[in-house]
Enquirer: 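One structure coming up, written as structure tokens, with questions to follow.
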Amino acid sequence: MKLPYFEHRAPDSLEEAIATLAALGSDVKLLAGGQSLLPAMRYRLSQPSVLLDLSRIEDLRLKDDALRSGRIDAMSTHAQFAHQNDPTPLGRLMAAHAQQIAFPAVRTRGTVGGSVVHADPAGDWPLLFLALGAQVELSGQRGTRRMALSSFISGPMQTDIALDEILTAVLLDVSALGLTHWGRAKLMHRAGEYAVSSAVAVRRAGGEWSCWIGAIEAGPAPMTQCAELLRSHSSLKHKDMLACAYEDVRAVCPESGQAALHRHAVNLTRAIAQALESQ
Amino acid sequence: MQQNATSPVHASTADHHGQMIGQRVARREDARHLAGAAAFIADLNAPGCLEIAFVRSPVAHGILKGVDIAPDVPIDMVRHAEHFAHLPPIRANLLRDGYNGAPYPLLATGKVRFVGEPIALVMAPTRAQAEQWAEQIVPRIEALPAVIDARDEWEHPTIPLHEDLSSNLIMRTQRSVGEFDRIVQEAGMSGLQHVTRDFKMARVLASPLEGRGVMALRDKATGAIHLHLSTQRPHLIRSFVAEQIPALRESDLRVIVPDVGGGFGTKSNLYPEEVLLTALAMELDHPVRWIEDRYEHFVASNHARQHDQRITAYFDGDGRIHAVDATFIVDGGAYCAKTSTGAIEANMAANIMLGPYDIQHYRYEAISLYTNKSPMGPYRGVGRPGGCFAMERIIDEVAHELGMDPVETRRRNLIPSSAMPYVTATGLHYDSGDYLEAVNAAEQRVLERWNRDAPPGRRAGIGYAMLVEQAGHGSVEWFRRGSPTVYGHEAARATLNGDGTLEIDVGTLAHGQGHATSYAQIASELTTLPLDAIRIRQGDTAATPYGMGTVASRSLVMGGGAVAQACRMIVDKARRIAAANLSDTADALRLENGVLHGAQGQLTLAETALITSVQIHKLPKDIEPGMSVQAFYRPSVETGTFSYAVHAARVEVDEDTGFVDITDYLVVEDCGTVVNPLIVDGQIMGGVAQGIGQALYEAMRYNADGQPETVTFGDYALPSAMEVPRIDIIHLHTPSPFSVFGVKGMGEGGSVPPPAAIANAVRDALLAEDIAVNCTPITPDYLLDQILARTEGQ
């Protein structure tokens, strides 16, 4: 179907965008790449009367020092991370993660901020940034606030963003910037598809492990027993890791069938194994 | 080389040979496609054109009580069924006993029977506007229970969907051939074993890059209606549309087909939209256009396959199959589309099932039923993928029962080449072939290059499937099937111009098959003119002779035959003219590079054309002026050509996820004489890709209410280039004795065996645990659930 009629506004500055948003309220949808929004509009699942396009706002674009400063501006594209060759573990993790998002066309337009606010349970960036313990920065006429991403995402396709707010950046702390080990595993039935199962395991600068899985109904979930097992044991048998992964997975998706549970558990252990190998 | 009975050409030893047939000529039509410079229906420029959007049923089955139209929709831009009350519904016929056709309304009246059925249409200057108005037209429908499972409906019939029918049965045919009954009765005494399997193949659809499209307008200069259409059969559709509209005569309707972005059968049937837009163009002073969008393609274009089968093979300890019992139940959808229906899908599967095997005792039952889904139509293979899956899966099960190599089991059942020509149990006349040679070639390549080693956690398997592909069949076969449209010929008009260029107008319709190249190669072969002097034209009923279009893998056999015949007639005439002017005999002239050489002098083909037009004083009186001939090719043997193939797949199955990777794929095929190996290879690769889709990914799924759940490419998974491995192709060449140059049709074959070959490979990989692989698509959950159940049981 064709897109329904809408007005397209593309301000040059964040201030102007915030003012427009405040003036128009619920009539507006922010266009931050549009790789999910535009198809939804074609199917009439979303019918905003104004699309506020953030692509011309310089302040929201990726800066060169993002992986050192920990500030990832919202309109950074997947492709920018897929193509960067920062040699740090974080840089390599971000590149590997971005390279497996959909196809080049989607990576070129799709943005980090758009993905985080969309909060698709199978989305790639929410999973990774949750595992990294990221914060989000939200700006509006009432000011700027920061909150943990884990609080910001309140459910599948649901966030705490207010009608008059724009997500301006994802923020990583020093423990994430200095992460020492990482592993990730994404199962796709076909290349470029949304994940059937997705997992990230990282060891942060302070030595803490963080393991998360995505592509489950409720949205990304921490695998706390696995993280604890990794913290407390220096060498682990695959069998024990898998048993622990099963426990964790079963706790967050009790409704899933046996096949889905098994795939999530196995996929998680694959991410963990990769992280351990990177030691 | 077969000389045709109706062909006026005489054999000439002076014709050159071997110049163009068999050359890997790059397709001449690709350049404009690669440059994005092609012209599809949506690219046509028509000032004042009104774009159409359809209001389609959101309900699978229900009583249509009316529509509510919002006040801001201009009522004069809306048309519903009453407006077209003077037009009859589409009726697809099959001249066979027991066929229960049902009228297919152009716009729903009284009832709706599938989600996507058109109820009304809206016109607007832009499609976006038309869609916006269409959304504000809400049908009032009282929902009825939906029929969604064909086997359930067969076993426990419910209320008929169509008022004038007594059940939802479209057709049931059954036959017992040979001594089937005796063999089965005596099976115990004669020591025969049997194996039975239930197989299911999902409903799929063709998914061409370009959906359907229609633009209709009244040509002011002639008063005729011009119907621009993305179709595979321009002449037949013109006849059908004219039949549907009482006030329209065929001579007042011109069908013009621009570039077509793929069809695969889905653009061969007559659709309501085509009739409706023609009727609109007759009443309006504006052109009207409808471009099918992807959602519409998922619900409003014909679907295909959806088989539910029960297959039994009776076999001895040596692996020889003595008899086969097959039941095919096909989910035919809500209506019978014209001309290919659910009944044809079921009948064809039963008819071709035995494939390359020498099995003369056969019982089958082919059942097709109405359900509340989109109507079934043809898609690359029609019935063949179902029949092939049944036979090729069951022969592997025979092998597994005996602990025998499936390749050896095949060998023991093949029709020997010495038996050719061979008449099958169902009456197909196989023309030629050496099936054993193909099996041996495939096995040798597999043994040389593949193994069953796989990394830890993965299991490798190798599977085979064979196909015999009936193609290019003539009137005998079409009449036998009960088709009211009896195909049997193809036409070509060749015109040699005074500048030495050759124009050939054909009645077939390439929509990706590369006829502009392959036909030109045939013409070049016979006339010795260079390819760039030859133009192939198609797709305009005002400019090309009546033909049957491009379906059923027929074009190179039938259309190629007509091109060859027309070119021979041109050359023959040129020889007679040259002979008279050079004082030589026609047969003594040597044709080379477009020049006829005699003992005394020479004359170019171009010069002979000039003599027939503007140098008439040089033309003998017993030769008719003009250098344009029309050939109607009808093969002397009309039972068709039979290509054949062995496909082999190597897969790796991830034991922990149930994911299947196809690591290697081999096709050994014989389509007789190959005109252009590049095009043949392309056809095979494209077909295999579609077959891989059906094997592992594609399924048009419905919920219990008959709501389609897969109406985007996000939910309906097609294989991408990443899922299609490199395809290794080995060609064998057994020319057909019944066609020009010995060519055989091969367009559909590539897509037929992959589901069976891949299923057999997966079965092989997981044979130790006896994991069943009885359905397509073979989903990760289907495999992993079984694997986990086995592990738990241990």
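Sequence lines set the chain letters: A, B, ... in the order given, protein chains first and strands last, and positions in each chain run from 1.
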Enquirer: Which region of B:Tyr782, side chain (C-beta onward) or backbone (N, CA, C, O), has a non-hydrogen atom less than 4.5 Å from a non-hydrogen atom of chain A, or is it both or neither?
Expert: neither

Enquirer: Any side-chain heavy atom of A:Met1 sitting closer than 4.5 Å to one from B:Glu135?
Expert: yes

Enquirer: Is B:Gln129 close to chain A through its backbone or its side chain, or both, or neither, when contacts mean heavy atoms under 4.5 Å?
Expert: both

Enquirer: Sort B:Leu696 into side chain, backbone, both or neither according to what part of it lies under 4.5 angstrom from a heavy atom of chain A.
Expert: backbone

Enquirer: Nearest 0.5 Å, please: how far is OG1 in A:Thr269 from CG in B:Asp656?
Expert: 7.5 Å

Enquirer: Is there any residue in residues 97-118 of chain A with a non-hydrogen atom under 4.5 Å from a non-hydrogen atom of chain B, and which ones are they?
Expert: none

Enquirer: Please report the closest heavy-atom contact between B:Val711 and A:Tyr43, naming both atoms and the distance.
Expert: O-OH, 3.1 Å

Enquirer: Between atom CD of B:Gln132 and atom CG of A:Leu3, what is the distance when rounded to the nearest 0.5 Å?
Expert: 12.0 Å

Enquirer: Counting heavy atoms not belonging to B:Gln136, are there more than 12 under 6.0 Å from its CD?
Expert: yes

Enquirer: Could you walk me through whether A:Arg263 and B:Asp654 pass salt bridge (Lys or Arg N to Asp or Glu O under 4.0 Å), step by step?
Expert: CA-CA 10 Å; A:Arg263 263 196 298 267; B:Asp654 185 322; over 6 Å; no

Enquirer: Would you name the heavy atoms of A:Ala259 and B:Leu788 that are closest together and state the gap between them?
Expert: CA-CD1, 3.8 Å

Enquirer: Measure distances from B:Thr779 to the heavy atoms of chain A and classify the residue's part below 4.5 Å as side chain, backbone, both or neither.
Expert: neither

Enquirer: Heavy-atom pairs under 4.5 Å with chain A are the metric here; pick the option from B:Pro780, B:Gly658, B:Pro719 that has the most.
Expert: B:Pro780

Enquirer: Atom CG of residue position B:Leu209 - does it have more than 12 heavy atoms of other residues, nucleotides or ligands inside 6.0 Å?
Expert: no

Enquirer: Below 4.5 Å, heavy atoms only, C-beta onward: do B:Thr657 and A:Arg270 meet side chain to side chain?
Expert: yes

Enquirer: Give a yes or no on this: more than 12 heavy atoms of other residues, nucleotides or ligands lie within 6.0 Å of atom CZ of A:Arg56.
Expert: no

Enquirer: If you draw a 6.0 Å radius around CE in B:Met722, do more than 12 non-hydrogen atoms from other residues or ligands fall strictly inside?
Expert: no

Enquirer: So do the side chains of A:Arg190 and B:Ser720 get within less than 4.5 Å of each other, counting heavy atoms only?
Expert: no

Enquirer: Identify which part of B:Tyr295 has an atom lying under 4.5 Å from any heavy atom of chain A, answering side chain, backbone, both or neither.
Expert: both

Enquirer: Rounded to the nearest 0.5 Å, how far does OH of A:Tyr194 lie from CG of B:Asp715?
Expert: 11.5 Å

Enquirer: Give the member of A:Gln258, A:Arg44, A:Glu193 that has the highest number of heavy-atom pairs under 4.5 Å with chain B.
Expert: A:Arg44

